[in-house]
Amino acid sequence: MNDQRVSWHEYFMNIAEQVATRSTCSRKHVGAVIVRDKTILSTGYNGSLRGAPHCDEVGHDIENDHCVRTVHGEANAVAQAAKHGIQIDQSEIYVTASPCLNCFKLIANAGITKIYYKEFYRDERITEYAKLAGVKLVYMGKA
């Protein structure tokens, strides 16, 4: 057996990290990969609304220390699945940074049951909400 073969979790997180390289907001690059049965269903990265100028073209739109020009990677992954008619109920998501509360709520209501994340990002409230919603949070550590 090949000892250098990465686990499925590492494999999907590595893909999420590659997806993050498409981000157009220099403040934070986030990638997300939605998976079910070891099959990628959808991906997303943080960037502006489809057809709108990106942060790397026109600058940031900052409110309360957040860039509001971008749609978050997790939301874009869910939206991409919806746009293409891909059912994501009972799936899992790999995200390079833990979701904000709004993205967490979107993920939970979309039926995603497990969130793997590499870096904790800002919002501790997701821990309590995850318990209430029955969504498992799995910290994969920072490399």
Side-chain angles (χ1 to χ4, degrees), residues 4-143:
Q4 295 183 342
R5 188 174 187 199
V6 298
S7 71
W8 282 107
H9 298 302
E10 293 169 308
Y11 172 72
F12 291 123
M13 187 58 77
N14 289 345
I15 293 170
E17 290 175 334
Q18 280 301 303
V19 171
T21 67
R22 292 283 304 151
S23 172
T24 59
C25 185
S26 61
R27 297 194 69 209
K28 186 87 177 152
H29 291 205
V30 176
V33 178
I34 300 174
V35 175
R36 187 176 47 246
D37 298 328
K38 298 179 182 148
T39 300
I40 295 172
L41 303 175
S42 184
T43 65
Y45 55 88
N46 56 321
S48 294
L49 290 171
R50 186 179 302 273
H54 294 283
C55 296
D56 59 5
E57 298 167 337
V58 295
H60 301 288
D61 186 0
I62 304 295
E63 277 184 18
N64 299 322
D65 198 36
H66 292 279
C67 181
V68 296
R69 182 180 306 283
T70 61
V71 177
H72 292 182
E74 310 92 297
N76 272 328
V78 171
Q80 191 73 356
K83 180 179 180 186
H84 294 286
I86 299 168
Q87 194 246 45
I88 58 174
D89 190 40
Q90 299 301 304
S91 64
E92 302 175 341
I93 190 168
Y94 292 79
V95 190
T96 57
S98 61
C100 69
L101 184 57
N102 284 331
C103 284
F104 174 81
K105 292 186 287 187
L106 177 68
I107 287 166
N109 277 0
I112 295 173
T113 60
K114 204 176 281 187
I115 301 169
Y116 296 91
Y117 65 96
K118 194 156 194 171
E119 170 193 353
F120 186 81
Y121 184 67
R122 294 187 188 226
D123 205 327
E124 295 281 348
R125 295 175 295 178
I126 66 168
T127 305
E128 186 59 34
Y129 278 81
K131 289 176 190 169
L132 294 171
V135 174
K136 187 167 182 187
L137 296 172
V138 181
Y139 175 65
M140 290 186 60
K142 200 169 184 178

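Here, residue 1 is the first one in the sequence, and each next residue gets the next number. Bear in mind that the values here come from a model prediction, so they are computed numbers and not experimental data.
Between Thr43 and Ile34 the shortest side-chain heavy-atom distance does not fall below 4.5 Å. Using a 4.5 Å heavy-atom cutoff, the side chains of Thr113 and Val135 are not in contact. At a threshold of 4.5 Å between non-hydrogen side-chain atoms, the residues Tyr121 and Val95 do not count as touching. Looking at heavy atoms from C-beta onward, Ser98 lies out of side-chain contact with Leu137 at the 4.5 angstrom threshold. Looking at Lys28 and Glu119, their side chains come closer than 4.5 Å, going by heavy atoms from C-beta outward. Side-chain contact between Cys25 and His60 is present, with at least one heavy-atom pair separated by less than 4.5 Å. Using a 4.5 Å cut-off on side-chain heavy atoms (C-beta onward), Lys114 and Val138 make contact. Glu128 is listed as a side-chain neighbour of Lys131, based on a closest heavy-atom distance under 4.5 Å.
Ala133 and Ala108 make their closest contact through CB-CB, 4.3 Å (heavy atoms, listed as atom of the first residue, atom of the second, distance). Across all their heavy atoms, Ala110 and Val78 have their closest contact at CB-CG1, 4.4 Å. Contact between Phe104 and Ala130 at its shortest, heavy atoms only, is CZ-CA, 3.4 Å. Taking both residues in full, the closest heavy atoms of Tyr94 and His9 are given as OH-ND1, 2.7 Å, listed atom of the first, atom of the second, then distance.
When ring centroids are compared, Tyr139 and Tyr117 come within the 6.0 Å threshold. Aromatic rings from His29 and Tyr45 are positioned such that their centres are separated by 6.0 Å or more.
Residue Asp37 places its CG atom among 12 or fewer non-hydrogen atoms of other residues, nucleotides or ligands, all under 6.0 Å distant.
Rounding to the nearest 0.5 Å places CD of Glu92 at 10.0 Å from NZ of Lys38. Note that CG of Leu41 is 10.5 Å distant from CD1 of Ile93, once rounded to the nearest 0.5 Å. Expressed to the nearest 0.5 Å, how far OG1 of Thr96 lies from CG of Asn46 amounts to 8.0 Å. With values rounded to the nearest 0.5 angstrom, Ser42 atom OG is found 12.0 Å from Glu74 atom CD. Distance OG1/Thr24 to CD/Glu57: 7.5 Å, rounded to 0.5 Å. Rounding to the nearest 0.5 Å places CD1 of Ile126 at 12.0 Å from CG of Asn102.
Between the side chain of Ser91 and the main chain of Arg36, no donor-acceptor pair closer than 3.5 Å is present. In terms of modelled atom types and a separation under 3.5 Å, the side chain of Thr70 and the main chain of His72 share no donor-acceptor contact.
Ring geometry for Tyr11 versus Trp8: interplanar angle over 60°, hence perpendicular rather than tilted (30 to 60°).
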